[in-house]
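Read the structure below first, then the notes.
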There are 2 protein chains.
Amino acid sequence: MEREWNDNQPIYRQLRDRVVAMILEGVLKEGDPLPSVRNVAAEYRVNPLTVLKGYQQLVAEGLVESRRGRGMFINAGARSVLLQGERQKFLGEEWPRIQAAIQRLGLKVEELLNGSRPSSTAAPSKPAKSDPPEEES
Amino acid sequence: MEREWNDNQPIYRQLRDRVVAMILEGVLKEGDPLPSVRNVAAEYRVNPLTVLKGYQQLVAEGLVESRRGRGMFINAGARSVLLQGERQKFLGEEWPRIQAAIQRLGLKVEELLNGSRPSSTAAPSKPAKSDPPEEES
DNA sequence: ACTAGTGTTATAGTTTACTATAACAGTCTG
DNA sequence: CAGACTGTTATAGTAAACTATAACACTAGT
C-alpha cells in the first residue's frame with residue numbers, strides 16, 4: 001500500500017477507495033475484518049477520526065458492518081455489489097470525461113488500452129509534436 | 001459549457017481545467033481574451049474571487065497574460081506547451097490509476113471503445129455477472 | 001472628465017477537511 | 001475483575017475553499 005496522499009481528494013475518500021480496491025482485487029474477502037482504525041491511523045500517520053470517517057462511508061454504502069469492540073467486517077455480497085456499482089459509476093461518469101481528455105490531448109484510446117503497462121517510473125520523454133488535431137488559424 | 005460543478009475538485013481548479021480544455025480544443029486561440037472575471041462569475045453564479053483564482057493559476061503557469069483594465073489574454077505558444085505538459089501529466093499520473101481501475105472492474109476493451117458515447121440518458125442495465133477475476137474461496 | 005468595462009485587493013464570515021487530545025463503550029483473554 | 005484490544009463521541013483548533021460586499025487601479029470610448 002502506498003503511504004502517500006493525493007492532493008485532489010480528501011484523505012477519507014481516498015481511504016475508502018483503497019478499501020474498495022482491495023475488495024475488488026480480492027485482497028480483502030467477505031467476512032474479513034478491516035485493519036483497525038487505530039492501526040491504520042498510526043501506520044499512515046493520520047488522525048483516527050479521518051480513518052473512521054472513511055470507514056463509515058463504507059458502512060453507509062452497506063459494504064461493511066461495524067461491530068463495537070470487535071472491529072469492522074466486510075459484508076457478504078460486498079464484492080458483487082461493488083463490481084456492479086463501481087462499473088456503472090465509472091462508465092457513466094468517469095470514462096466519458098477521460099475519453100474527452102484523451103481526445104483533446106491527441107492521444108489514441110486504442111493505443112492506451114493495448115500497449116501500455118507502465119510498471120512505475122514510466123515518464124515518456126516528450127512526444128515531440130506528433131499530431132495536433134486540426135489547425136484552422 | 002456546463003453550468004455545474006464536480007464535488008471532487010475545487011471550483012477554481014475546474015475552472016482552470018475548462019479553460020485549458022478550450023485552448024486544446026481550439027475554442028480559445030492564442031491572443032484571444034478570456035471571458036471576463038465578472039462575466040464568468042455572473043454566468044456561473046460564482047464569486048468573482050473564485051474565478052480570479054482559477055485564472056491566476058493559468059497566469060502562474062505562463063499560459064495567460066493579464067493586462068489590467070484590458071483583460072486576460074492567451075499567450076503565444078500556450079497550446080503546444082499545454083499539449084506537451086498535459087500529456088505528460090496524464091500519462092504519468094492519471095492513466096496508471098485509470099488503468100488499474102479498469103482492470104479491477106474487469107472491463108473489456110470493447111466495452112470501453114464501443115458503447116461509450118452516451119449522448120445523455122444511457123444507463124447500462126446490469127452487466128449481469130460477466131467475468132469476476134479469480135475466485136478462490 | 002465621465003462612464004463603463006477590465007483586473008485586483010481588502011475585510012470578514014461560513015463550511016469542510018483534518019488535526020490533537022481525551023474520554024466513553026463494547027468484547028475478549030487471562 | 002483487570003487489561004488490551006476493538007469502534008465511537010466530545011471538544012477544540014487550524015487551514016483551505018468559497019462566499020458577500022466593497023473599494024481600488026487601469027484602459028478605452030464618448
Side-chain angles (χ1 to χ4, degrees), chain A residues 2-20 22-23 28-75 78, chain B residues 2-20 22-23 28-75 78:
Chain A
E2 317 207 346
R3 242 152 219 72
E4 314 217 320
W5 304 108
N6 190 340
D7 253 14
N8 298 334
Q9 205 133 346
I11 292 179
Y12 75 91
R13 209 176 310 173
Q14 293 181 53
L15 219 31
R16 178 262 178 203
D17 288 342
R18 285 192 194 176
V19 175
V20 165
M22 287 195 292
I23 294 175
L28 284 176
K29 308 205 176 60
E30 324 198 331
D32 282 359
L34 265 54
S36 94
V37 169
R38 283 178 178 84
N39 265 356
V40 175
E43 181 162 4
Y44 290 74
R45 320 272 292 285
V46 152
N47 195 297
L49 288 187
T50 305
V51 180
L52 184 63
K53 192 168 178 182
Y55 276 14
Q56 286 190 326
Q57 194 96 161
L58 295 163
V59 174
E61 293 176 68
L63 296 168
V64 155
E65 192 189 349
S66 162
R67 272 175 273 172
R68 242 198 184 184
R70 310 274 325 274
M72 310 204 37
F73 300 84
I74 300 184
N75 277 337
Chain B
E2 316 206 346
R3 241 151 220 71
E4 315 216 320
W5 305 107
N6 189 341
D7 253 14
N8 298 335
Q9 205 133 347
I11 293 179
Y12 76 92
R13 208 177 309 175
Q14 294 181 54
L15 217 32
R16 177 264 179 202
D17 287 342
R18 285 193 195 178
V19 174
V20 165
M22 286 196 290
I23 294 175
L28 285 175
K29 308 203 177 63
E30 323 199 332
D32 281 0
L34 266 54
S36 94
V37 169
R38 283 177 178 84
N39 265 357
V40 175
E43 181 162 3
Y44 290 75
R45 320 272 293 285
V46 152
N47 196 296
L49 289 186
T50 305
V51 181
L52 184 62
K53 191 168 179 182
Y55 276 14
Q56 287 189 325
Q57 194 108 149
L58 295 163
V59 174
E61 295 177 65
L63 296 167
V64 154
E65 191 189 351
S66 162
R67 271 175 273 172
R68 242 198 185 182
R70 308 275 327 271
M72 310 203 39
F73 300 84
I74 300 184
N75 278 336

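Chain letters run A, B, ... following the sequence lines, proteins first and then strands; every chain starts at 1. What you see below is based on every heavy atom in this structure, not just the backbone, and it leaves out hydrogens, waters and symmetry mates.
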(request) Would you please name every residue forming a side chain to side chain contact (heavy atoms under 4.5 Å, CB included) with B/Q14, sequence neighbours left out? (result) B/W5, B/N6, B/Q9

(request) May I have the distance from B/Y55 (atom OH) to C/dG7 (atom P), rounded to whole angstrom? (result) 7 Å

(message) In the structure I gave you, are the side-chain heavy atoms of A/L58 and A/V20 within less than 4.5 Å of one another anywhere?
(response) yes

(message) I need the CD-C1' distance between B/Q57 and C/dG7, as an integer number of Å.
(response) 17 Å

(request) Could you list all the side-chain hydrogen bond (donor to acceptor under 3.5 Å, both in side chains) pairs where at least one residue sits in residues 54-64 of chain A, not counting sequence neighbours? (result) A/R16-A/E61

(message) If I compare all heavy atoms of B/V51 with all of B/L15, which pair ends up nearest, and what's the gap?
(response) CA-CD2, 3.6 Å

(request) Could you tell me the separation between the CG atom of B/L52 and the C1' atom of C/dT9, rounded to a whole number of Å? (result) 9 Å

(message) D/dT8, OP1 or OP2 - any side-chain N/O from A/S66 closer than 4.0 Å?
(response) yes

(request) Please round to the nearest 0.5 Å and tell me the distance separating atom CD1 of B/I23 and atom CG of B/L63. (result) 5.5 Å

(request) State which of C/dG7, D/dC18, C/dC18 makes the closest approach to the side chain of B/T50. (result) D/dC18

(request) Give the rounded distance in Å between these two atoms: CD1 of A/I74 and C1' of D/dG7. (result) 16 Å

(request) Provide, to the nearest angstrom, the distance between the CZ atom belonging to A/F73 and the C1' atom belonging to C/dG26. (result) 13 Å

Tabulate atom names and distances for all N/O pairs under 3.5 angstrom spanning the protein and nucleotides 13-17 of chain D.
residue: D/dA17; atom: OP1; partner: B/Y12; partner atom: OH; Å: 3.2
residue: D/dA17; atom: OP2; partner: B/K53; partner atom: NZ; Å: 3.2

(request) Taking all heavy atoms of B/V37 and all of B/P48, pick out the closest pair and write down the distance. (result) CG1-O, 3.5 Å

(message) For a quick check, with a 4.0 angstrom heavy-atom cut-off, what is the B/S/- contact string for nucleotides 20-30 of chain D, read 5' to 3'?
(response) B--B-SBSS--

(message) Could you work out how much the helix from C/dA1-D/dT30 to C/dG30-D/dC1 bends, comparing the axis of its first five pairs with that of its last five, to 10°?
(response) 0°

(request) Nearest 0.5 Å please: distance from the CD1 atom of B/I11 over to the OG1 atom of B/T50. (result) 6.0 Å

(request) For residues 65-75 of chain B, pull every pair meeting side-chain hydrogen bond (donor to acceptor under 3.5 Å, both in side chains), keeping only residues two or more places apart or in separate chains. (result) none

(request) Measure from CE on A/M72 to C1' on C/dG26 and round the result to the nearest Å. (result) 14 Å

(message) Nearest 0.5 Å, please: how far is CG in A/D32 from CE in A/M22?
(response) 10.5 Å

(message) I want to check one thing: is the phosphate of D/dT8, taken as OP1 and OP2, less than 4.0 Å away from some side-chain N or O of A/Q56?
(response) yes

